[in-house]
Amino acid sequence: MYSIENKPPHNHLKITKAMTLVHLWVNSGYPGGDLGEVNSAIAILERALDATPEDCGIDKSRASSNLGLALECRFRRNGDVDDLNKAISLQEQGVELTDDGNPSKIARLNNLGITLEARFTHTGNVADLDKGIQVQRQVVNILPEGYKDKAGCLCNLGSVLVSRFELLGDLSDLDNAIDAAEKALEQTSEEDLDKAMYLNTLGNALRRRYGHIGKVEDLQRALSSKQQAVDSTTDDHPDKSARLLSLGTSLDMHYELTGNLEDLEKSILVKRRAVDLVQGNDPDAAVYLSSLGGSLGARFERFEEIGDLQEGVLLQQRAVDVTVDTHVNMPGYLNNLGIALETRFLRLDDVSDLDQAISVLRRAVDLTPETHLFEAARLNSLGNALDSRFRRLQEAKDMENAILTHQEAVDITPKDHPRRAFYLTNLGNCLDDLFEFTGDIDNLEDAIVVHKLAVSLTLDDHPDKPAYLSNLGISYELRFRRLEKVEDLENAILLKQRAVELTDDSNVSRILYLYNLGLSFLSRFLHTNDLDDLDAAIQAYQRAVDLTPLDHARKVIYLKDLGDALRTRFGKLGQVTDLNQAYNTYQQAARSPSGHPLLRFEAALAYAELS
């Protein structure tokens, strides 16, 4: 929330008009369109600053601050970092020239803090973020309790603390952000028009704390806060679309946790509303298109409806097409497009999609400034696509580049950063693939070391810990298949069991962990011929089937493997109940409303053989 100073030096009419335009830009959310008027306003404010004597401190500080704000507005539209650097320099000058007793000091500090955060977002330089937080704390501490603007300044402080958490992973920043947002709300009446903004900020902090420690209550509170923010914002409010988008993002996370289709459908609905509210020339239109495309991609993964996939790719492409290369968000939109294209390749097996994905993802990496907070994430996406092409074409150069790219993502991530384990596990997955290609046991040993490190860096209550355990278990099972050391298979089973234990039936990921556990039990049965392991495999498969919605694309996989295991047990024990259950299971798989056609065909053949 910016503070605007309308009083011009020398009371010049042109300067008044220029600052009125800047005022409109700030309060309407930086609309798109012709920059000509803004450029003219900046030219007027530059002349005003030049005409202000150096010894006229009050007027000089006002002129510097106003020009700085105008340049920051233009940066929001064109992404030119030179404007941003000049804006910060001018705003710092304005603050320095303002006496502590001057009531404008607070407004100028507040604007400086917001602009420093904008430069951090663009460059990833943590020094800007630290200074922005310092400035915002100074503002909050200066303002007396009950002061009308204190709630807004608390909200700004909460926002920058969330940004620093995303970079450094210090949970205390999130706790302090939540505290600041809650204090802002305590000082706000129900009728206050800014209450929705404070609710949205609180929801953002709670959502990120859920992502860090996995406390479901935080996600539920985030959803409640964001829904209240949306409900109390009129459709003609400039922030309505952004709050709808924010609600949709939290709904996506709740869907990922529970698999509740209503959350995903509601997310798509609110994001479509957000897109409809955004004008085509809005500089932020791309973020809405890209986010909606991501949700459609999630629905495709659920049902494998090709229409969702195709629309998702088109939306991601539109987001890129309406964004200039110099825009701060362009690398992110390219990253999302690359992921969507890779997903389409995995479904349609068109290698041109994968080639385009890699090209787009390379461009995203190239456009991302070094030390930017998302640099490692974009390297990770590129590494995944290179790994996909390696698995398809078996060209060693792709795997070499995939491993180098994943290693770079790990290397540039601080050792105590919460995402480092995620990048490590993807590096480990690449090393697993390399082992399966070359047969070189050293590759697999390296994978196990990397997966172990990912596990060791992650607390048991972190939502990603089960995935890291399961991936380590897969590596151990690969080594068992090569060396036939039973202790490797024992370790694989123990790790996969732990992954299951750390999730409950409300977590959709538990289905995959149960299925992977069943695979390991079946491997041990095939090695030892111990029927207890076959029973355990069937039990794990059955639980995975029971937890998977009927219309989920992966259900046919679980049904088919369950039928195969039941058929195997019938061959060992000759119990008709196993044969009948295998028959019914194959029938369900063959008649599944979604899933890969080849798997349904194979299930139909097995069903026919037992008829």
Side-chain angles (χ1 to χ4, degrees), residues 376 379-380 383-384 386-388 390-391 394 396 398-460 462-503 509-510 512-528 533 536-537 540:
L379 286 164
N380 181 73
N384 288 340
L386 287 164
D387 188 23
S388 290
F390 164 77
R391 284 186 267 111
Q394 299 286 286
D398 279 334
M399 177 50 68
E400 178 185 345
N401 288 332
I403 290 174
L404 288 173
T405 303
H406 279 302
Q407 186 66 62
E408 186 179 355
V410 170
D411 291 343
I412 66 174
T413 303
K415 291 185 177 180
D416 57 351
H417 194 281
R419 296 293 287 174
R420 191 164 192 263
F422 177 72
Y423 303 141
L424 281 164
T425 203
N426 282 335
L427 172 60
N429 292 339
C430 269
L431 290 165
D432 285 335
D433 289 342
L434 182 60
F435 160 73
E436 294 192 86
F437 177 66
T438 65
D440 186 345
I441 194 67
D442 289 343
N443 298 142
L444 187 54
E445 297 294 352
D446 289 342
I448 289 173
V449 169
V450 169
H451 282 309
K452 280 184 174 180
L453 183 55
V455 168
S456 69
L457 289 174
T458 310
L459 299 174
D460 279 356
H462 192 284
D464 290 336
K465 182 66 173 273
Y468 304 153
L469 288 164
S470 186
N471 287 340
L472 176 57
I474 290 169
S475 291
Y476 271 122
E477 188 165 348
L478 286 172
R479 191 167 70 179
F480 161 75
R481 293 176 188 171
R482 173 63 180 274
L483 303 179
E484 294 193 351
K485 291 183 179 180
V486 178
E487 58 265 32
D488 280 337
L489 192 52
E490 301 288 348
N491 284 329
I493 289 173
L494 288 172
L495 287 162
K496 293 181 181 184
Q497 284 177 322
R498 183 63 179 148
V500 171
E501 290 167 1
L502 288 176
T503 55
S509 297
R510 192 172 209 234
L512 182 59
Y513 304 145
L514 282 163
Y515 175 69
N516 287 340
L517 177 60
L519 292 174
S520 292
F521 275 126
L522 188 62
S523 292
R524 192 164 68 180
F525 161 73
L526 294 173
H527 184 72
T528 65
D533 284 328

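Here the structure is a predicted model, which means the values were calculated and not measured.
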Kindly indicate whether the side chain of D387, heavy atoms from C-beta on, has any atom under 4.5 Å from the side chain of M399. yes
Separation of I441 CD1 from D446 CG (nearest 0.5 Å): 10.5 Å
Say whether, by atom type as modelled, one donor and one acceptor occur between the side chain of S470 and the main chain of A467 under 3.5 angstrom. no
Checking side chain to side chain contact (heavy atoms under 4.5 Å, CB included) against H451, which of I474, D432, L431, L424 comes through? D432
For the CG atom of N429 and the CG atom of N471, what is their distance to the nearest 0.5 Å? 4.5 Å
To the nearest 0.5 Å, what is the distance between OG1 (T438) and CG (N443)? 4.0 Å
With distance as the sole test, does R482 use its side chain to make a donor-acceptor pair with the main-chain N or O of G439 at under 3.5 Å? yes
Once you round to the nearest 0.5 Å, how far does CD of E487 lie from OH of Y476? 10.0 Å
Inter-residue atom distance K496.NZ - L472.CG, 0.5 Å rounding: 10.5 Å
Where is the tightest heavy-atom contact between G473 and A492, given as atom of each residue plus distance? O-CB, 3.3 Å
Residues which pass side-chain hydrogen bond (donor to acceptor under 3.5 Å, both in side chains) with R481, listed by chain and number, not counting sequence neighbours: E477
Donor-acceptor check, side chain of N380 to backbone of A376, threshold 3.5 angstrom: yes or no? no
Do L512 and S509 touch side chain to side chain, with heavy atoms closer than 4.5 Å? no
If you apply the rule side chain to side chain contact (heavy atoms under 4.5 Å, CB included), what do you find for K465 with L459, and how did you get there? CA-CA 7 Å; K465 182 66 173 273; L459 299 174; 6.0 Å; no
Considering residues at least two apart in sequence or located in another chain, which fulfil the salt bridge (Lys or Arg N to Asp or Glu O under 4.0 Å) criterion with D464? none
Residue set satisfying side chain to side chain contact (heavy atoms under 4.5 Å, CB included) with A421, at least two apart, ordered chain then number -> A454, L457, T458, Y468
Under a 4.5 Å cut-off applied to non-hydrogen side-chain atoms, are H406 and V410 in contact? no
L453/R420 under side chain to side chain contact (heavy atoms under 4.5 Å, CB included): CA gap, chis, key distance, verdict: CA-CA 10 Å; L453 183 55; R420 191 164 192 263; 4.2 Å; yes
Which of E484, E445, E436 passes salt bridge (charged side-chain N to carboxylate O under 4.0 Å, His left out) with R479? Answer is E445
Any chance you could measure L517, atom CG, to I493, atom CD1, to the nearest 0.5 Å? 7.0 Å
